[in-house]
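The analysis underlying the following values was restricted to heavy atoms, covering all of them including side chains, and did not include hydrogens, waters or symmetry mates. Positions are given from 1, in the same order as the sequence printed here.
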Amino acid sequence: MEITESRGEPLDILILAAGLGTRMRSNTAKVLHKLDGRPLISHVCHTAAALAPRKVYVVVGHQAEEVKNAVLSEMSPEQTVIVRQEKQLGTGDAVNAAREFLENDDALLLVLSGDVPMIKAETLASLIQRHRDHRGKGAACTILTVKLKDPTGYGRIVRDEGGMFERIVEQRDATENEAEINEINSGIYCFNARKLYATLARVQNHNDQGEYYLTDVPALLKADGEDVAIYQHSDAFEVEGVNNRLQLAELERTLNRRTLRRLMLDYGVTFVDPTTTYVSELTEIGRDTVIQPCVTIEGRTGIGDGCEIRSGTRIVNSRIGRGVEIRDNCLIVDSEIADGAQIGPMAHLRGHAEVGPDTRIGNFVEVKKSKIGRGTKASHLTYLGDATIGENTNIGAGTVTCNYDGVRKHETHIGDNVKIGSDTMLVAPINVGDGAATGAGSVVTKDVEAGKLVVGAPARTIKTLIEKAGEES
Ligand code: UD1
Ligand code: CA
């Protein structure tokens, strides 16, 4: 991002993430609630890191350890400073928690909220540019604002007659007239760090919540003759905050709608019913792939061109090649499916299953941590775990790789062109050579050489249950 190359003071970022989020009515800290499968704080950290700042300070309090872990999944430990706010006395107090690191520095400090997850790095870059360029010498503070049809819950931006910034008033402290203002404070600001901390020391908690509000700082700066600028952004979605579960659900829906729209218009994907389809923004899907209703695709999934995904299927963090057909109600997690494979209905692939080209994994087949070669078929009712299977092998219905002896997992290796008869139990560790075959119902406990047929335990008559008509006993 160009930020790092532009002249001027170094950029630091401060993310506020200590609050419990009372309005969520949750035992989980608000910033750990998930949007698009990742904690809110992860989204903000990912965006912060994209700006290549000198340091990112994250103020944590509630569930500090868990929040810290989420933070470190997006940013390097060298780049990150975790700051504790012991008691949550307001956003001003949260900023104050990082005082010792920042108060004597003329760095540019970008303040972000852990509960405003959709903000884009490009928007923040424009905000920073505006802050630096303000009247040729830079502002002391620049506030990111938007106009909302329904500003309920947000701090309002009060401007003077000349249209210049005057102050921010929280909804609960606003007069009726002020509450009518529809320009709101996004909770995202640029500050000169030294000036911010000098002024923060004067902020009082004389408001409806008895908290120290960061939002009081800009008006105090202005009263001191400093420049406070406003950067009004046009995309309200980016600055929507999450304070309750309704807002979280609405954000999720809007994000999903945007993702599907992008996939349809820019990538040529068909969604038969976008309103019942969920796709992560991290997922990529190729041209002419058709997604039927009620499909869920999560995480860093990639799907190639010309696939068909049928209803009820869920795919998580998986790679799917071209021309793959995934029939109804499959679950595919952390797995790879090569070109031309046909999966399902009701198949379960997990734990790094790797399914080769033109394979067929049919009804009620579970594949775990197994590699399956080109053209191989397991069409019905089978468990394949910890196995490698060669090419053009047929796995009969009801086959089980018995991989677990109650203590440890063992591997099964099956070669090319093998015919495993229905209901074969392959007791691992075991090898079945190329071109070998097993009879129906075999219990195979020893390696099978290439080209050999093994059969086991055929049924025999042990007693008579019903006499044939006409026979006397
Ligand atoms: C805040 C702003 C409001 C703005 C809105 C935008 C204040 C006083 N108000 O209100 O003007 O329109 O954001 O979304 O700043 N936090 C801490 N420690 C605390 C309190 C909060 O770390 O003691 C963190 C929270 O975890 C959260 C962020 O600061 O991530 C914002 O706090 P929140 O209580 O959600 O503020 P809002 O009422 O939304
Ligand atoms: Ca908030």
Side-chain angles (χ1 to χ4, degrees), residues 292 294-299 301-303 307-321 324-416 418-432 438 440-445:
Q292 296 288 340
C294 300
V295 167
T296 299
I297 304 173
E298 299 173 17
T301 292
I303 299 178
C307 294
E308 172 128 23
I309 319 278
R310 292 273 172 184
S311 296
T313 286
R314 176 166 162 240
I315 304 173
V316 185
N317 290 325
S318 294
R319 315 287 320 167
I320 301 193
V324 171
E325 184 187 355
I326 300 182
R327 295 184 177 172
D328 311 57
N329 297 309
C330 292
L331 174 59
I332 295 160
V333 183
D334 298 332
S335 292
E336 267 182 53
I337 300 172
D339 299 352
Q342 202 189 75
I343 312 292
M346 290 153 300
H348 184 189
L349 274 59
R350 64 186 177 98
H352 303 286
E354 277 179 55
V355 171
D358 304 317
T359 46
R360 162 120 184 78
I361 304 295
N363 323 243
F364 301 104
V365 174
E366 178 178 356
V367 184
K368 187 218 81 174
K369 202 178 168 192
S370 292
K371 211 172 161 168
I372 296 178
R374 177 187 294 272
T376 285
K377 294 191 173 73
S379 298
H380 332 265
L381 300 158
T382 286
Y383 174 63
L384 301 172
D386 306 303
T388 56
I389 304 177
E391 300 188 353
N392 298 316
T393 281
N394 190 71
I395 308 289
T399 296
V400 174
T401 55
C402 310
N403 61 333
Y404 187 50
D405 60 14
V407 182
R408 289 194 304 140
K409 298 278 168 71
H410 301 281
E411 292 181 3
T412 299
H413 299 282
I414 302 174
D416 299 338
V418 172
K419 291 195 171 34
I420 301 289
S422 294
D423 223 359
T424 296
M425 300 295 121
L426 296 159
V427 182
I430 196 142
N431 299 297
V432 180
T438 70
S442 316
V443 178
V444 186
T445 56

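- Side chain of Asp416 to main chain of Glu391: a donor-acceptor pair is present (N/O by atom type, distance under 3.5 Å, no hydrogens or angles).
- Under a 3.5 Å cut-off, the side chain of Ser318 and the backbone N or O of Asp334 do form a donor-acceptor pair.
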For a quick test of your reading: what N or O donor-acceptor pairs under 3.5 Å do the side chains of residues 350-358 make, sequence neighbours left out?
unit_1, atom_1, unit_2, atom_2, d
Arg350, NE, Glu366, OE2, 2.8
Arg350, NH2, Glu366, OE2, 2.9

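- Under the side chain to side chain contact (heavy atoms under 4.5 Å, CB included) test applied with Thr382, the options Val400, Val365, Val367 reduce to a single match, Val365.
- Checked against Leu349 for a side chain to side chain contact (heavy atoms under 4.5 Å, CB included), the options Leu331, Ile326, Ile332 give a single hit: Ile332.
- Here the shortest heavy-atom pairing between Arg327 and Thr313 reads O-OG1, 3.1 Å.
- Residues Ala347 and Gly362 approach most closely at CB-O, 3.7 Å, considering heavy atoms.
- If you take CD1 on Ile343 and OG1 on Thr359, they are separated by 5.0 Å, rounding to the nearest 0.5 Å.
- Here the side chain of Thr376 pairs a donor or acceptor atom with the backbone of Gly390 at under 3.5 angstrom.
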> Under the side-chain contact (heavy atoms from CB on, under 4.5 Å) criterion, do Ile395 and Ile414 qualify, and how do the steps go?
Replying inline: CA-CA 10 Å; Ile395 308 289; Ile414 302 174; 4.2 Å; yes
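- Here the rule is side-chain hydrogen bond (donor to acceptor under 3.5 Å, both in side chains) with Asp386, and of His410, Lys409, Lys368 only Lys368 fits it.
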>> Go through it in stages, so that I can follow the logic: the residues are Ile420 and Val444, the test is side-chain contact (heavy atoms from CB on, under 4.5 Å), and I'd like the CA-CA distance, side-chain angles, deciding distance and then a yes or no.
In response: CA-CA 10 Å; Ile420 301 289; Val444 186; over 6 Å; no
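- Thr401 places no side-chain N or O within 3.5 Å of a backbone atom of Glu411 that could act as its donor or acceptor partner.
- For Glu308, the salt bridge (charged side-chain N to carboxylate O under 4.0 Å, His left out) partners at least two apart in sequence or on another chain are Arg310.
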> Between Val432 and Thr393, is a side-chain contact (heavy atoms from CB on, under 4.5 Å) present by the stated rule, with each step listed?
Replying inline: CA-CA 11 Å; Val432 180; Thr393 281; over 6 Å; no
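- Of the possible donor and acceptor atoms, none in the side chain of Thr388 sits under 3.5 Å from a partner among the backbone N and O of Lys371.
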>> Using the rule given for side-chain contact (heavy atoms from CB on, under 4.5 Å), can you reason through Val427 versus Val443, listing the C-alpha separation, both sets of side-chain angles and the distance that settles it, and then say yes or no?
In response: CA-CA 7 Å; Val427 182; Val443 178; 4.2 Å; yes
